[in-house]
Q: 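Okay, here's the structure, questions in a sec.
Labels below follow one simple rule: chain letters A, B, ... track the order of the sequence lines, proteins then strands, and each chain is numbered from 1.
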Protein chains: 2
Amino acid sequence: MTDTPGLRERKKQRTRTAISEAAIALFLDRGFDRVSVAEIAEAAEVSKRTLFAYFPAKEDLVVHRFADHETEAARVVRARPPGTAPLDALRAHFLDALGRRDPFTGLNDSPAVRDLYRMLLATPALVARLGRFRTAAERGLAEALCETADASPLPARLAAAQLVAVHWVLTLDNAEALTAGQSADARHPAAREAAERAFALLARGLGDLS
Amino acid sequence: MTDTPGLRERKKQRTRTAISEAAIALFLDRGFDRVSVAEIAEAAEVSKRTLFAYFPAKEDLVVHRFADHETEAARVVRARPPGTAPLDALRAHFLDALGRRDPFTGLNDSPAVRDLYRMLLATPALVARLGRFRTAAERGLAEALCETADASPLPARLAAAQLVAVHWVLTLDNAEALTAGQSADARHPAAREAAERAFALLARGLGDLS
DNA sequence: GATATTTCTGCACCTGGTATACATGTAGTC
DNA sequence: GACTACATGTATACCAGGTGCAGAAATATC
């Protein structure tokens, strides 16, 4: 049962995290643009060529941590209890994530996460790279809506785009509040309130805007 | 009344378009990644340094054409007739743009535009760069909603994100149909229908999804 | 322990983008 | 029209991210 991954696989995993951690430490210390990949490779005791074997681009040294979340919305929709609307499942999941201080909600004030967000938001190249995850998340969510809700392709894509966009705004809003110095606990009520209003807006539409 | 822009200014404008056109011609011929900026500079009879004085990055040689549209949604909202809801103004504007075959709707099948879109969608670096315009458009629209509709900041940002996201999906959908070979005229009815449904969804919300 | 297969490395190389220092052309002034 | 002031363009060298390649080192398999 306990299939050991094998020495080779374990070593690969260790090298990977060693590279990533060396990179992030340097980035947090001096800023993304002021650290060269050559330095990172040296710090991780690895050749530059090897670094690029693990991470296809410099930006990925940071944003690979968000890779799991790119399929999260789709998973939540697929795994929702029968009889639950996708929107309700996503709202419940987001509120729960706020409670857990899930970094993906922006509401986590541990220094490591906070500083990482600060760097991320201050570095256009990283924001651009995150945009790709956003696109992938949209596509995945649209598929999930197509399959499990009885949505036809276009409405599914539209709904997915709206949902992901809103999630992004909420996360950014929290991250900005925390990078401005607020604590996660202090921010939590406002974050909940904002999320509730956002999902209500999604459910009822923009018809009230005048 | 006819204030001549001056020789200097005219020359600048000519160099600028010469560079951009040389670039796009080469890109369309061989693909974005297979053309180096050195080649473009040579083709435009300009030094590489000068090229970068006009366009800060290679991608901008293409996407600078979309720069105007980055403020379009905000302008539409600000210029709407009194008593009109922002959503209605934006819907009317989009439908009108479809009728005009505005390239920004994706519904323009002139070879130049079609090939440009094809290249754009096939080149991740360009899509990423367009993402910045999307972000800027969101921010601008949110401001406009804040000022002219009586929306508070967060709802305005949420609504703007949703609106821009939907616009993007509709445009992509049209562009994909056209790059697949359909003519703009043939696509037009479906494009209108899609837009109507999309704006209806925005207005009434996702509450129906189950 | 021998061998096949990954993985890692060093090196040369390409390309996007910038710094510097200098040449050229344009605009206004006398 | 010559003179100055300034904006613009050029050549060159340079840096950093990223790739191709050939071979060395480590791991897995027998």
Side-chain angles (χ1 to χ4, degrees), chain A residues 3-20 22-24 26-27 29-64 119 123-130 132, chain B residues 2-24 26-27 29-64 119 123-130 132:
Chain A
D3 64 310
T4 312
L7 177 54
R8 186 167 265 167
E9 213 53 41
R10 271 178 290 155
K11 267 199 158 182
K12 265 175 76 173
Q13 208 47 48
R14 243 183 303 159
T15 331
R16 188 182 163 83
T17 64
I19 295 173
S20 171
I24 290 185
L26 285 169
F27 288 155
D29 185 37
R30 312 217 313 266
F32 184 78
D33 299 310
R34 273 190 253 261
V35 181
S36 77
V37 291
E39 279 179 278
I40 299 166
E42 200 174 356
E45 295 180 299
V46 149
S47 82
K48 197 178 78 168
R49 204 68 184 72
T50 299
L51 186 152
F52 280 114
Y54 281 92
F55 299 94
K58 188 184 181 186
E59 289 82 14
D60 293 316
L61 290 163
V62 179
V63 303
H64 76 100
M119 181 184 70
T123 312
L126 292 175
V127 176
R129 202 73 164 194
L130 279 184
R132 289 202 202 177
Chain B
T2 62
D3 64 309
T4 312
L7 178 54
R8 187 168 268 169
E9 213 54 41
R10 272 178 289 156
K11 269 199 159 181
K12 265 176 75 174
Q13 207 49 46
R14 243 183 301 159
T15 344
R16 187 179 163 84
T17 64
I19 295 173
S20 170
E21 281 173 12
I24 291 185
L26 284 169
F27 288 155
D29 185 35
R30 311 217 312 266
F32 184 79
D33 300 310
R34 274 190 251 261
V35 181
S36 76
V37 291
E39 279 179 277
I40 298 166
E42 199 175 355
E45 297 182 296
V46 151
S47 83
K48 199 176 74 164
R49 202 69 182 72
T50 299
L51 186 154
F52 280 112
Y54 282 92
F55 299 94
K58 188 185 181 186
E59 290 81 15
D60 293 316
L61 290 164
V62 178
V63 304
H64 75 98
M119 180 182 72
T123 311
L126 292 174
V127 176
R129 201 72 164 198
L130 279 184
R132 289 203 200 173

Q: Is any side-chain nitrogen or oxygen of A:Thr50 closer than 4.0 Å to OP1 or OP2 of C:dC8?
A: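 Indeed not, no polar side-chain atom of A:Thr50 lies that close.
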Q: Exactly one of B:Leu126, B:Thr123, B:Leu130 should register a side chain to side chain contact (heavy atoms under 4.5 Å, CB included) with B:Val62. Which one does?
A: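 The side chain to side chain contact (heavy atoms under 4.5 Å, CB included) with B:Val62 is passed solely by B:Leu126 among B:Leu126, B:Thr123, B:Leu130.
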Q: Side chains of A:Thr17 and A:Ser20: do they bring a donor and an acceptor to under 3.5 Å?
A: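 Note: A:Thr17 and A:Ser20 side chains miss the donor-acceptor criterion.
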Q: Looking only at side-chain atoms of B:Lys12, point me to the closest of C:dT9, D:dG17, D:dT8.
A: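 The nucleotide sitting nearest to the side chain is D:dT8.
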Q: For B:Ala57, answer base if it contacts any base atom (sugar-phosphate contacts may also be present), sugar-phosphate if it contacts only those atoms, and nothing otherwise; contact means non-hydrogen atoms under 4.0 Å.
A: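 Here B:Ala57 touches the backbone only, sparing every base.
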Q: Please give, in whole Å, the distance from C:dT18 P to B:Phe55 CZ?
A: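 That distance rounds to 15 Å.
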Q: Within the structure, does a side-chain N or O atom of A:Tyr54 lie under 4.0 Å from either OP1 or OP2 of C:dT7?
A: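 For C:dT7, OP1/OP2 do not have a side-chain N/O of A:Tyr54 under 4.0 Å.
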Q: Quickly work out the B:Asp33 CG to D:dT19 P distance and round it to whole Å.
A: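 These atoms are roughly 11 Å apart.
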Q: What distance do A:Tyr54 atom OH and A:Thr15 atom OG1 have between them, rounded to the nearest 0.5 Å?
A: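 Between atom OH of A:Tyr54 and atom OG1 of A:Thr15 there are 4.0 Å.
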Q: In whole Å, what is the span from the CD atom of A:Glu39 to the C1' atom of D:dC15?
A: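 Rounded to the whole Å, the gap is 13 Å.
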Q: Could you state the atom-to-atom distance from CZ of A:Arg129 to C1' of D:dG18 in whole Å?
A: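 Atom-to-atom, A:Arg129 to D:dG18, this comes out as 12 Å.
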Q: Using whole Å, what does the distance between atom C1' of nucleotide D:dG18 and atom CG of A:Asp60 come to?
A: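 From A:Asp60 CG to D:dG18 C1': 12 Å.
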Q: Side chain of A:Ser47: nearest nucleotide among C:dG16, C:dT20, C:dG10?
A: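 My answer, after comparing the listed nucleotides, is C:dG10.
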Q: Check the distance between D:dT8's P and B:Arg14's CZ and give it to me in whole angstrom.
A: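 Rounding to the nearest Å, CZ of B:Arg14 and P of D:dT8 are 15 Å apart.
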Q: Rounded to whole angstroms, how far apart are CD on A:Glu45 and P on D:dA26?
A: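 Nearest whole value for this atom pair: 14 Å.
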Q: Do the side-chain N or O atoms of A:Lys48 get closer than 4.0 angstrom to the phosphate oxygens (OP1, OP2) of C:dG10?
A: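 For C:dG10, neither OP1 nor OP2 has a side-chain N or O of A:Lys48 closer than 4.0 Å.
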Q: Side chain of A:Phe52 only, heavy atoms from C-beta on: which candidate in C:dC8, D:dG18, C:dA19 is closest?
A: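 Of C:dC8, D:dG18, C:dA19, D:dG18 is nearest to the side chain of A:Phe52.
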Q: Please tell me which of A:Thr15 and B:Ser36 maps to the more 5' nucleotide of DNA chain C, matching each residue to the nucleotide holding its nearest heavy atom.
A: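 Of the two residues, A:Thr15 wins.
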Q: Taking the six-membered ring of A:Phe27 as reference, does the NZ or CZ atom of A:Lys58 fall below 6.0 Å from its centre and within a 45° cone about the axis?
A: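 Not flagged: A:Lys58 not positioned over aromatic ring of A:Phe27.
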Q: Could you check how far CG of B:Leu51 sits from C1' of C:dT18, rounded to whole Å?
A: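 The answer, rounded to whole Å, is 14 Å.
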Q: Between B:Arg34 and B:Glu39, does any NZ, NE, NH1 or NH2 come within less than 4.0 Å of an OD or OE carboxylate oxygen?
A: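 No salt bridge links B:Glu39 with B:Arg34.
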Q: Is any side-chain N or O of B:Lys11 under 3.5 Å from a base N or O of C:dG25, one able to act as donor and the other as acceptor?
A: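 Answer is no: no donor-acceptor pair is held.
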Q: Nearest to the side chain of B:Arg49, heavy atoms from C-beta on, is which of C:dG10, C:dT18, C:dG16?
A: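 In terms of side-chain proximity for B:Arg49, the closest of C:dG10, C:dT18, C:dG16 is C:dT18.
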Q: Assess whether one donor atom and one acceptor atom, taken from the side chain of A:Lys58 and the base of D:dG18, lie less than 3.5 Å apart.
A: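 A donor-acceptor contact between them is absent.
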